Amino acid sequence: MRPVALIHAGAGGRSREIEERQHEYRSALLTTLAKARAILESRGSAVDAVQAAVMFMEDEVDFFNAGRGSALCADGSVEMSAALMRGSDRQAGAVARVTRTRYPIAGARAVLDGPHVLLVGDAADHHAAAAGAEQRDPAYFTTERQQHRLATEPSRFERGTVGAVCLDVDGLLVAGTSTGGMRGQLAGRIGDSPQIGAGTWADENVAVSCTGDGEAFIRTGAARQLAAFVAGGTPVENAANGVLREVAALGAVGGLIALDARGNTALPFVAEAMPRGLWRGGSEPEVWA
Ligand code: ASP
């Protein structure tokens, strides 16, 4: 099986900052792909590849809305969420409203093989810590850049949620998504990213990670619906476009990445932009910023 890695860095408006720092931005996307590639090329698992790619983006402060540098809630707090799902057995792990776990996707990984699917708040942080996931003081996640944005454009859609889907040499499909949510959201709001079937999904046929107005992805059951289309024989690209049409019909902006068991990909978006990248075993990585 030829391994594949697909990543996204959030659907939304074009940002002047990213236009001005194109070179750095593209290089961050290429490094993200390289993290997944290194694992997949050495016959590693798609679970590890997705986690490594997402962790790199969570650690990148300026460009992505995940981990440190996440968008701020209306009260100035940072509440992060992440999910990870393994297609072969549909085991899923997710965390929401974490405030201390340095890499929220590692918090999701700590839930993946246990009896639960989604842990919330302090309990999710404690669970992650007990599994060895690095913890930081909540202040660590707040950046001046995001404080300035909240002060000047309090409810503007924040681009930069991150996601990855991978297929490994054994044919395993895995999806992961991580976010700080929407800038100016009410503290306590949980979007689609950590909700299995809404923003994140993987089964034996397809792996999906979504981004955009989370409420619309929840209300359309977007990721799970895409998988149902694929299971029924619809090509992944048509399935992805069909789901996004429903999201757009609710007046929402968004995008997604989807990868099927044969390595077919879809990366559609209904937004000004959705930075994304693709690597296939035996080929050079490609990124679109
Ligand atoms: N979907 C995320 C949320 O609703 C935000 C995003 O993708 O930008 O929290």
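Everything quoted here is computed from the prediction, not taken from an experiment.
Here the side chain of Q225 pairs a donor or acceptor atom with the backbone of T220 at under 3.5 angstrom. No donor-acceptor pair closer than 3.5 Å links the side chain of S77 to the backbone N or O of C73. Between the N241 side chain and the E237 main chain, a donor and an acceptor come within less than 3.5 Å of each other. Remark: side-chain polar atoms of Q91 are paired, donor with acceptor, to backbone N or O of L112 under 3.5 angstrom. Within the 3.5 Å criterion, the main-chain N or O of Y103 finds no donor-acceptor partner in the side chain of E134. Judged by distance alone, the side chain of E60 and the main-chain N or O of F56 form no donor-acceptor pair under 3.5 Å. In this structure a side-chain-to-backbone donor-acceptor pair under 3.5 Å is present from D125 to R100. When atom types are taken as modelled, the side chain of R145 and the backbone of D62 share a donor-acceptor pair closer than 3.5 angstrom. Between the E286 side chain and the W288 main chain, no donor and acceptor come within less than 3.5 Å of each other. Checking side-chain atoms of N65 against main-chain N and O of G160 turns up no donor-acceptor pair under 3.5 Å.
Two different hydrophobic clusters hold V253 and L250 under the rule that ILVMFWY side chains link at heavy-atom gaps under 4.5 Å.
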Take I196 and W201, measure what side chain to side chain contact (heavy atoms under 4.5 Å, CB included) needs, and give me the verdict at the end.
-> CA-CA 6 Å; I196 297 301; W201 178 265; 3.9 Å; yes
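Tested against T101 for a side chain to side chain donor-acceptor pair (under 3.5 Å), the candidates Q135, R136, H126 yield a single pass: Q135.
Between atom OG1 of residue T161 and atom NE2 of residue H8 there is a gap of 7.0 Å, rounded to the nearest 0.5 Å.
By the 6.0 Å contact criterion, CD on E144 is open, its count of non-hydrogen atoms from other residues, nucleotides or ligands being 12 or less.
Here the closest non-hydrogen pair linking A11 and T211 is N-OG1, 3.0 Å. Here the closest heavy-atom approach between residue T142 and residue V78 is recorded as OG1-CG2, 3.7 Å.
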